[in-house]
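By convention in this document, chain letters (A, B, ...) are assigned in the order of the sequence lines, proteins followed by strands, and residues within each chain are numbered from 1. Reckoned from all heavy atoms, side chains included, excluding hydrogens, waters and symmetry mates.
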Amino acid sequence: MLPCNTTPMDIPRRRGQRLKRQLDSIIIHFDYDAFYASVIEAETPSLRARPLAVQQKQIVVTCNYEARRRGLYKLQLITEAKKTCPDVVIVLGEDLTRFRNASKELYAFLRSFSWNSRCERLGFDEVWMDVTDIVDYNVRLLNQNDLANTFFCLSKTDPTEGFAFDASGVAGHTYPEVTSTEADAPRDLWDPLRLRLHLGSHLAQHLRQKLVSKKGYTCTVGVSTNKLLCKLVGNVHKPSDQTTLLPPYTSEDGCDNVTSFIDEHEVGKIPGIGFKLAQKLRAHVLQQPADFDSGLVYGGTNEKVLVRDIRTFSDMGPETLERILGGPGTPHGIGAKVWGLLNGCDDTEVGQARDVPTQISIEDSYVRLVALEEVTKELLVLSRSLLRRMHADLLDDDEDLQVSPNDGANIAAISEKRWLAFPKTIRLSTRPRPPQNPDGSRNRSFARISRSAPMPNFVFSLKDGIEVLAERLVKETLVPLFRKLHPEKSGWNLSLVNVAATGMVDAASEKGGVGRDIGKMLKRQGDVLKQWKVYDTGGQDQTKEEVDVSMQVQDVWDEKNLEPSPPPPPIRPSESRIGSEDIPTPSQELSFLPEDRWESEDEDMLDDDSYRCEECGGVMPIFAMGAHARWHAQN
DNA sequence: CTGGGGTCCT
DNA sequence: AGGACCC
């Protein structure tokens, strides 16, 4: 990392609270413009010239900028949108598949430019990228005496990959705006932070151009030193543009650009300060409960509560905020966290890119859902979608060259699908419609209730069709969960049902992972002995080291005081370490429930804590059976 | 009659 | 299991 000018300077402090702005990182925030509408337009380019709205149930979830020009906006009621703009083109967008696919593709595209894989998605249409390493690498390369003619290198290995740019200036807009008189004034180009922000802005512009030319999508971008600031500053120039937050970032007296920028925001606009926190903060500075409708009464006028109003309020600081905002159920350190946000400080890292989500959920909302028969039908619809999603998002298909068993000379490309991750839990949630009040009105509530169960292993079968698996899932798991959730025989009236696969456990601990290697070796070689070799990625250099996995498995068993047993057929080592929660439940009709233990000659080899798989005869502790069953399911 | 998703914390 | 936050 480049030596920085920081000595990170202190932000003005209250009673000894030191707040530091982390200035060592350069972060870019991408926000695709009117994303759902852009996906539709990419499919049907003729719609680009028309006002276009995407509908889910009764609302416009998003609309393109042509529609916004004509007065439409996000989360508007459909009826109102049609009134305002009668010739609006409305497209139904309740099925998110196309949006999810487009989001994945764009995310993968942006990731391909990253060196450190620190790319984090938020929702379908936002991505942060930590480009500190790329920027610092290029700062080291550039000639400080000829900044105007600089080459931005995009590859550590190929010095010709990149683009020419002028490092003495920013690409795109800035905050604050640079006026024409200031533009000629001497700027401190030796300020490392300024120079790094310049480079970040040019990289951002390059990526935006690539996104347009290669993928056909425009986006709005912010460039700064932390996730909070780059996300906020991007909003300054909205569709299809970019803004960089310029230094100085620190000062003794609040005259820095960070403070002046963030101070003008309404408190609820700060990411991380949601409805509840914003209401508490407003109530504190207004000295009265904040108006629910956010049209806040402030000194008799209709004014908003700004970050500045809170930040400069008497006795304000992390402890005061902790008192105002803290309490049972609230996260620890909320006062310090919010104090940081109000000062433009955010030390949360841009997350490592993931290839598997932590949760997959499918839901639908209903005007009226009352009979068990209807519920069962809807559960089936949702289950099909969930299984399709699991296949789309958790299954890795690689075209694997395989020798056909019939004809050794015939080498065919066979699509070999394997689970990248297994959700351990299935969850059913509903949103009961609040009962009618005596006066006929309804309280509005969006609260959900839920029950969970272990995910049955049969859902991982790749031999059975989704249809038959979905039916079984409904019958054996979801209907029982529904009865647990709604023990009353009837009378419930649901406005929403959600089915989710949660508790994702990676099949392989790392990329190129252990579990897959084992499985492939089996497929290719059918070599029983080599099953027990595992590659343990050890050092930073990624060199692989052979380790005898039977020793590892044995270690685990020894903890359970088991006698040594012959190795079962492949339990994928990474899974065998999942732990004791990975236990099948009685409802799953597994072939190795305790009663299925062998009672014959080698019974004396099995103590009460070990079980035998009927399918293959393998002996294992109960905690290994879930992984083992999934292994059978896909082989 | 505010959608259909997500994440993390308690 | 629920709540708060994000889009």
Identify whether any heavy atom of [X] sits under 4.0 Å from a base atom; if not, whether one sits that close to sugar-phosphate; answer base, sugar-phosphate or nothing.
X        : result
A/Lys484 : nothing
A/Glu126 : sugar-phosphate
A/Arg368 : nothing
A/Ser495 : nothing
A/Phe446 : base

Between [atom2] of [N] and [atom1] of [X], the distance in whole Å:
X        : N     : atom1 : atom2 : result
A/Ile270 : C/dC7 : CD1   : P     : 11 Å
A/Leu122 : C/dC6 : CG    : P     : 9 Å
A/Leu281 : C/dC5 : CG    : C1'   : 14 Å
A/Ile273 : C/dC5 : CD1   : P     : 10 Å
A/Leu232 : C/dC6 : CG    : P     : 11 Å
A/Lys231 : C/dC7 : NZ    : P     : 4 Å
A/Lys269 : C/dC5 : NZ    : P     : 15 Å

Nucleotides bounding contact with chain A, strand DNA chain B, heavy-atom threshold 4.0 Å: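 Here the contact window of chain A covers B/dC1 to B/dT10.
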Contact nearer the 5' end of DNA chain B, comparing A/Arg427 with A/Leu75: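 The answer here is A/Leu75.
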A/Thr259 and A/Arg21: side chain donor to acceptor below 3.5 Å: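 Per modelled atom types, A/Thr259 and A/Arg21 side chains form a pair under 3.5 Å.
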Backbone N/O of A/Leu77 and side chain of A/Gln58: donor-acceptor pair under 3.5 Å: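 Side chain of A/Gln58 to backbone of A/Leu77: no pair is present.
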Salt bridge (Lys or Arg N to Asp or Glu O under 4.0 Å) evaluation trace for A/Lys227 with A/Glu120: CA-CA 10 Å; A/Lys227 288 174 69 179; A/Glu120 182 182 344; 2.9 Å; yes
Residue-level proximity of residues 217-229 of chain A to DNA chain B when a heavy atom falls under 4.0 Å: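 Hits under 4.0 Å, by residue number: none.
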For A/Phe35, ring-ring contact (aromatic ring centres under 6.0 Å, His included) partners two or more places apart: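 A/Phe35: ring-ring contact (aromatic ring centres under 6.0 Å, His included) contacts with A/Tyr32.
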Residues forming a ring-ring contact (aromatic ring centres under 6.0 Å, His included) with A/Phe261, sequence neighbours excluded: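 A/Phe261: ring-ring contact (aromatic ring centres under 6.0 Å, His included) contacts with A/Tyr175, A/His265.
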Results of side chain to side chain contact (heavy atoms under 4.5 Å, CB included) for A/His332 - residues two or more places apart only: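 If we apply the side chain to side chain contact (heavy atoms under 4.5 Å, CB included) test to A/His332, skipping adjacent residues, there are no hits.
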Rounded distance in Å between the P positions of B/dC1 and C/dC7: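 Nearest-Å result for B/dC1 against C/dC7 at atom P: 26 Å.
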A/Lys276, nearest nucleotide to its side chain (from C/dA4, C/dG3, C/dC7):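 Looking only at side-chain atoms, A/Lys276 lies closest to C/dA4.
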Basic-acidic side-chain contact under 4.0 Å: A/Glu43, A/Arg98: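 Result for this pair is yes, salt bridge flagged.
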Carboxylate-amine/guanidinium proximity below 4.0 Å for A/Lys104 and A/Asp393: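 Yes, this pair counts.
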Partner set under side-chain hydrogen bond (donor to acceptor under 3.5 Å, both in side chains) for A/Asp95, not counting sequence neighbours: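 So A/Asp95 forms a side-chain hydrogen bond (donor to acceptor under 3.5 Å, both in side chains) with A/Thr97.
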